[in-house]
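Keep in mind the model is a prediction, meaning the values are calculated, not measured.
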Amino acid sequence: DLGIPSLVPEWKNMFNASTLLTDISAGVTVGCVAVPLSLAIALASGVPAEVGLVTAAVSGIAGGLLGGTTLAVTGPAAAISLLIVGAVQAHGLEALPFITLATGGLQLASGVTRVGVVAKLVPVSVIAGFTVGVGTLILSGQVPKALGMSSPAGLNPVELIGYVGSNLSAVDPASAALAIGTSAAMFGLPKIHPKIPSALIAVGGATAATHIFGLDVALIGSLPSGLEAFQFGMPAMPSTDALPSLIATTLLIYSMTSVESLLSCAALEKMRKTSYKHNPDQELIGQGLANIGSGFFMGMPVTSVIARSGLNARLNAQTRLPALVQAGFVFSSVAFMSSSIATIPMPALSGVLITTGIGMLSPVEFKHCYAVQKADAVPFATTIAGMLSMGLAEGIGIGCATALAMELKNNGMSFDAARMNIQEHIVSTPLHLEDEASSLLPGSYSGQHTFKLNGPINFVSMFAIDDLMERIKDRHYSHEDPIVLDLKGVTALEFTGIEELVNRLNEVSDGVPVQMINCTDAIHSALDQCDPTQQISRFSTSFEAEITDAK
């Protein structure tokens, strides 16, 4: 049923008179941001400008209606743009709709069969490294274009900067001024008011300046007029010889778009709670259908985008309507304003991408990873180094291999020892607990069913965490009977694992209190990173308690 029965109340809420005006206003504002960003991401992805807009318009509807998070906005993402560049360079632009369609099919299958946990096996430290690597590549790749220069293909970031430095005489002042002005406006305007659509104003101002002063710079150029941009059809099937390489590309894009979407929606859920509880499997269904729709309209892969989703939340959106309104706004821009869009100067879009690239150089995810486990700096760094020296897929592979090797090394080179295991117990004697302020709490856990977690909680533990959630569901807790987890046997913590544990507990608890006991200082510190509002209660024990195996 694609989760539709659970979404029907969400769709009805979109037409609530008390929230309608606020939601429409939020949608229009997000749309104002989505248009220039989609154009810029299309440029960074090596595809025609109209592909970015058509993709945003089509995918925004499916993602908004059927995704697993109320306020999420779906569309082209800067973090995926370089994967798309690689796919286009390797297989040609004509293969991109097939890749997009196949990515969506895999996501839909993952959501329906509830095996989306596989996509979460990529450590957050590697995702953070990927984000920094992509930001660095976008930034270095756009600097020559922003300066009106043509750089040789195939240069790495260091070589690109060296090329720019040795060819400063070729800088076009008009292009540089437009790019710098656009970037400065995007950085400065949100400081005046966070709800200002800075990208639209910055690009609009650069476009006006170009034509008022008659600047001789490259423009986007002619676009398909009106509905001609929306070409519906079946993507061309690749040749048999091309399939192995194409499958590898598709799997990489599927993995990264899925992880990017799930991370974005988890962050959005923490930013603003809604009546609809975030559902990762439903999110994969929504993203899968969004990518399938994009593929049928000759578009490119999409994700749930945290920048636009976060703006939607800050604009006090209440329902799924803003995601649809912004998609409609983007559609209108293609259908009715293509001649105006054609006059946008390319250096302005380079300025948008430079601003985006700079924003990706300091991912908040890494700060959380480092706070929980300092060693996460190693896969973070190897991912970046691999991406910049060898390529995107190689960098991700090196980062994942490094993280896995470190977990195995720390646990006797055993996969079983490198992941969390679960035991179920009954507390048979009174267990007095202390909160973080060390005040003795009244009451007793005698007779309480408890899940005892042993070993490390890390990204290797994803399937164990999934198993734990199924056990919790099977027990049918009442609101008076807390879910208790005993963490005395936990030997190590990694941010990917502990965040997944917290997020999944919040999802399945459905109002039932969740309590973690036998928490050490390290566990308290790790929980502060992924549960700052303390939705899950944590306690330290004041003395040992006897436990017996649950029957």
Hey, can you pull the donor-acceptor pairs under 3.5 Å for the side chains in residues 367-375, sequence neighbours left out?
| unit_1 | atom_1 | unit_2 | atom_2 | d |
| --- | --- | --- | --- | --- |
| His368 | ND1 | Gln529 | OE1 | 2.8 |
| Gln373 | NE2 | Asp376 | OD1 | 2.9 |

Determine all donor-acceptor pairs shorter than 3.5 Å in which one atom belongs to a side chain in residues 128-141; sequence neighbours excluded.
| unit_1 | atom_1 | unit_2 | atom_2 | d |
| --- | --- | --- | --- | --- |
| Thr131 | OG1 | Ile127 | O | 2.9 |
| Thr136 | OG1 | Val132 | O | 2.8 |
| Ser140 | OG | Thr136 | O | 3.0 |
| Ser140 | OG | Leu137 | O | 3.2 |

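- Residues satisfying the side chain to side chain contact (heavy atoms under 4.5 Å, CB included) criterion with Asn156, sequence neighbours excluded, are Val158, Glu159.
- Judged as a side-chain hydrogen bond (donor to acceptor under 3.5 Å, both in side chains), and not counting sequence neighbours, the contacts of Thr355 are Ser183.
- Taken from CD1 in Ile465 to CZ in Arg419, the straight-line distance is 12.0 Å, to the nearest 0.5 Å.
- For the 3.5 Å distance criterion, the side chains of Gln287 and Thr74 qualify, holding a donor opposite an acceptor.
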Which atom pairs, one a donor and one an acceptor, fall under 3.5 Å between side chains of residues 27-50 and the rest of the protein, sequence neighbours left out?
| unit_1 | atom_1 | unit_2 | atom_2 | d |
| --- | --- | --- | --- | --- |
| Thr29 | OG1 | Ser25 | O | 2.9 |
| Ser38 | OG | Ala34 | O | 2.7 |
| Ser45 | OG | Ile41 | O | 2.7 |

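- Residues passing the side chain to side chain contact (heavy atoms under 4.5 Å, CB included) test with Leu321 are Met14, Leu20, Asp23, Ile24, Thr319, Val325, sequence neighbours excluded.
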Contacts table for residues 55-72: side-chain donor-acceptor under 3.5 angstrom, sequence neighbours left out:
| unit_1 | atom_1 | unit_2 | atom_2 | d |
| --- | --- | --- | --- | --- |
| Thr55 | OG1 | Val51 | O | 2.7 |
| Thr55 | OG1 | Met300 | N | 3.1 |
| Ser59 | OG | Thr55 | O | 2.6 |
| Thr69 | OG1 | His278 | ND1 | 2.9 |
| Thr70 | OG1 | Glu10 | OE1 | 2.7 |
| Thr70 | OG1 | Thr274 | OG1 | 3.4 |

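- Residue Phe187 qualifies as enclosed at atom CZ: its count of foreign heavy atoms under 6.0 Å is above 12.
- Ala266 is linked by a side chain to side chain contact (heavy atoms under 4.5 Å, CB included) to Asn503, counting only residues two or more places apart in sequence or in another chain.
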Taking distance alone, no hydrogens or angles, what donor-acceptor pairs closer than 3.5 Å link side-chain atoms of residues 98-110 to residues at least two apart or in another chain?
| unit_1 | atom_1 | unit_2 | atom_2 | d |
| --- | --- | --- | --- | --- |
| Thr100 | OG1 | Leu96 | O | 2.9 |
| Thr100 | OG1 | Gly299 | O | 3.1 |
| Thr103 | OG1 | Ile99 | O | 2.8 |
| Gln107 | OE1 | Asn291 | ND2 | 2.8 |
| Gln107 | NE2 | Thr257 | OG1 | 3.3 |
| Gln107 | NE2 | Ser258 | OG | 3.2 |
| Ser110 | OG | Leu106 | O | 2.8 |
| Ser110 | OG | Tyr254 | OH | 2.6 |

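- For the ring pair (Phe, Tyr, Trp, His ring centres under 6.0 Å) test, no residue two or more places apart in sequence or in another chain qualifies with Phe329.
- Residues forming a side-chain hydrogen bond (donor to acceptor under 3.5 Å, both in side chains) with Glu499 (at least two apart in sequence, or on another chain): Lys270.
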Side-chain donor/acceptor pairs under 3.5 Å, residues 456-463, sequence neighbours excluded:
| unit_1 | atom_1 | unit_2 | atom_2 | d |
| --- | --- | --- | --- | --- |
| Asn458 | OD1 | Val460 | N | 3.1 |
| Asn458 | OD1 | Ser461 | N | 3.2 |
| Asn458 | OD1 | Ser461 | OG | 2.8 |
| Asn458 | ND2 | Glu407 | OE1 | 2.8 |
| Asn458 | ND2 | Ala418 | O | 2.8 |
| Ser461 | OG | Met420 | N | 2.9 |
| Ser461 | OG | Pro456 | O | 3.2 |
| Ser461 | OG | Asn458 | N | 3.4 |

